[in-house]
**Q** 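Submitted below is the structure of interest, expressed as structure tokens.
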Amino acid sequence: MRNSLETALTQVLTQRRQKSALRTLTLPAANSIDFSSNDFLSLSHAPSLRRLLLSELSTSSLPLGSGGSRLLDGNSAYAEQLERDIAAFLKGPAGLIFNSGFDANAGFFACVPQPGDVLIYDELIHASVHEGMRLSRAGSRIPFRHNDVGELRQILASHSGKGRNIFVAVESLYSMDGDLAPLQQLVEAVERAEGHLVVDEAHATGVFGPRGRGLVCELGLEKRVFARLHTFGKALACNGAIILCSPLLREYLINYARTLIFTTALSLPSLACIKAAFTLLQSGETEAAQHRLHDTIRHLHQQLQQHLPSTPLAALQNPLVTNTPIVSLLSRRPRSLAAFLQQAAFVVRPIVHPTVPRGLERVRICVHAANTRCEVDALVARIREWVEGQVEQEDEEGGAEVGRAKL
Ligand SMILES: Cc1ncc(COP(=O)(O)O)c(C=O)c1O
């Protein structure tokens, strides 16, 4: 007879399976074309990064493993110098490396807001910020509608001037909708309320700004945000993340961020990879990839406009956004569309509830520096083929609605 825990676990997994919401691990198919990963600059496959990493590893005399937490045996002059170099490159006053962006956000939001403080966040903020907020001692946690600066101003007005610190958490490039935050307006609104703006640049790192420094640097706002997060796991093809902040906040995080204190620090191979990636960024070697990426982004949008009739174009989650590498195609049948594209060797993923709200299910497309125009053309042709198949099928069923807003 099964024990009760096994029965409970089996039950919830069965429910997920029945709702077609079961998460599974998949392996990349051979010879597939990546329109899914966050490897925006295609650095994962770049011989230059591999060469630099290997040379860094072979010349370093540090032990491979860090040996413990940064606060015990896991710290090194190598890690501290890397932090200083990255902070200088990204124009931050100081920096603190965490093992991942998840750890950085969770640790930061759990410990920085003081008892009674106010945490305001964009409703689409990443799960790692929620993780931290859940543990924080803040008095209130208030969402505002995605990118709605007007609503944020109202919330700020009703909480400012009451002697509490106000934190506002946003991302610069949102991972699901692929749109950018109106950072200039957000900075002004938060400054007026004497709040603290925290910007997560996870997806913008390497993609926006001079030499990939991110959107805050592109807009010259680096002195007007309280803290910034840059992660290394997406365009930089590494692991880990850095929080850019004042030296005082860095010292506070070293003392109170549990996700830094109670974990083994990054090993030498991880640090060396981060160093190699930033060497490429800093030297301008990734600029060509950054330009190629933006050229491919423009081409994808042109192709979508040209080859998908106007109605399905309304299916883009945000048709006005045409300069980011993430495009979301809203669909009532995201699994069918994704499977159709996957059969033609395109790696794309359906994104369904609970990752996105019901009714906003989608297929998320990410473009990369290494995607060719031919690959983009073939992808758009295949999407069009699927759309036409859907319309025909619905015609046969007597229910075609060419005017509907979703694919
Ligand atoms: C906006 C955002 N912040 C933070 C993270 C977490 O970063 P990491 O993958 O380094 O843990 C992610 C990654 O999915 C993200 O998309």
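Just so it is clear, the structure is predicted and the values come from calculations on it, not from any experiment. Positions are given from 1 along the sequence. One-based numbering, in listed order, for ligands and for the atoms of each.
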**Q** Can you name the one residue among H146, H130, H126 that meets ring-ring contact (aromatic ring centres under 6.0 Å, His included) with Y121?
**A** H130
**Q** Kindly say whether the aromatic ring centers of F278 and F232 come within a distance under 6.0 Å.
**A** yes
**Q** Please tabulate, one line per pair, the protein N or O atoms found under 3.5 Å from any N or O atom of ligand 1, giving the distance to one decimal.
**A**
unit_1   : atom_1 : unit_2 : atom_2 : d
ligand 1 : 3 (N)  : D200   : OD2    : 2.6
ligand 1 : 10 (O) : G101   : N      : 2.7
ligand 1 : 11 (O) : G101   : N      : 3.2
ligand 1 : 11 (O) : F102   : N      : 2.9
ligand 1 : 14 (O) : H126   : NE2    : 3.2
ligand 1 : 14 (O) : K234   : NZ     : 2.9

**Q** Below 30° counts as parallel, above 60° as perpendicular, anything between as tilted: where do the rings of F35 and H368 land?
**A** tilted
**Q** Establish, from distance only, whether the side-chain atoms of Q114 and N165 form a donor-acceptor pair under 3.5 Å.
**A** no
**Q** Less than 4.0 angstrom from a charged side-chain N to a carboxylate O is my criterion; do R153 and E188 meet it?
**A** no
**Q** Does a side-chain heavy-atom distance below 4.5 Å link I142 with V118?
**A** yes
